[in-house]
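Every number for a ligand or one of its atoms is a count from 1 in the order of the listing.
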Amino acid sequence: MEIIKADLFGFCFGVRRAVDIVEEKLDERKKIDTLGPIVHNPNVVEDLSAKGAEVVNSLDSVKTDSVIITAHGAGREIHEEIEDKGLNLIDTTCPIVKKAQETAENLVQQGYQVVIYGENDHTEVRNILGWLDGKGVAILDPDEEVPIPEGRVALLSQTTKGKKYFFDFAADFLQANRDKLEDVKIVDTTCGETRRRYEAAERLAEQVELILVVGGKNSANTRKLAEVAANTGIETHHIKDESEIKPDWVDGVKTVGITAGASTPQSAVSSVEQTLKELD
Ligand code: SF4
């Protein structure tokens with residue numbers, strides 16, 4: 001069996017930067033609290049937890065004098081609460097997410113209401129909305145009835161959505177709401193890092209019979225990567241790690257492709273590769 005890896009996969013610069021900051025801080029102290037998982041990958045979170053980075057779900061649970069905001073950022077209220085509590089803020093918000101937050105906030109200040117093409121319950125999306133004083137919503141379906149798409153509306157995207165999907169959404173949204181809209185801005189806030197991984201998965205699909213997409217099931221960009229790979233028509237499986245590989249998937253298969261989400265470490269990909277070699 002030939003194993004081919006995508007020409008681009010795994011940690012993006014935003015995740016690498018966040019993990020590096022946490023590790024740097026752990027060199028200076030034994031314990032640190034992170035508000036939510038630093039990235040959406042259970043193996044990375046477990047690894048950092050073993051080194052002393054404890055995940056807390058609210059600021060009331062912080063036991064040290066500092067708190068880390070993750071690569072997905074945080075809303076204004078959380079920043080204010082951190083200040084009120086006198087905690088040191090270690091901000092690992094990815095610069096691309098930060099830019100999306102600032103863009104959305106500026107548009108609201110200019111009088112626009114913001115519609116984000118994205119998942120309402122995703123941390124990054126919630127945190128962008130958290131800067132908009134209630135003047136934003138997140139939707140995935142352009143026909144969805146939402147309370148604000150009237151007058152001046154700005155369309156933005158969750159960073160991990162594909163650019164093509166965002167533009168298709170924007171076109172459908174404009175069509176569905178054309179009678180209510182007066183002044184529309186469309187700002188492409190998709191992330192090039194994830195787009196390049198999606199394109200690499202499509203190139204990989206041209207060379208293999210089966211694709212394994214490695215990464216956390218709670219990672220939006222990994223789920224999207226698996227969707228992009230599956231849309232090529234090549235059999236695709238999204239696995240958290242090598243323990244989820246089923247031997248019958250590779251039975252009689254001559255070429256297997258591997259790719260991984262932007263929050264998946266190289267070690268996870270190496271373990272999958274090793275398991276495939278053992279199955280061969
Ligand atoms: S996928 Fe893009 S937006 Fe998300 S952390 Fe990585 S670089 Fe930042």
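- Defined by atom type and a distance below 3.5 Å, a donor-acceptor pair is missing between the side-chain atoms of Q274 and S270.
- A donor-acceptor pair shorter than 3.5 Å cannot be found between the side chains of E105 and Q101.
- Of the N and O atoms on the side chains of R29 and S66, at least one donor lies less than 3.5 Å from an acceptor on the other residue.
- Side chain to side chain, E2 and T255 fail the donor-acceptor criterion of an N or O pair below 3.5 Å.
- Checking D183 against Y112 by side-chain atom types alone, a donor-acceptor pair falls below 3.5 Å.
- Counting only N and O atoms by type, the side chains of E54 and T34 include no donor and acceptor under 3.5 Å apart.
- Any protein N/O/S atom under 2.8 Å from atom 8 (Fe) of ligand 1 was counted, giving 1 altogether.
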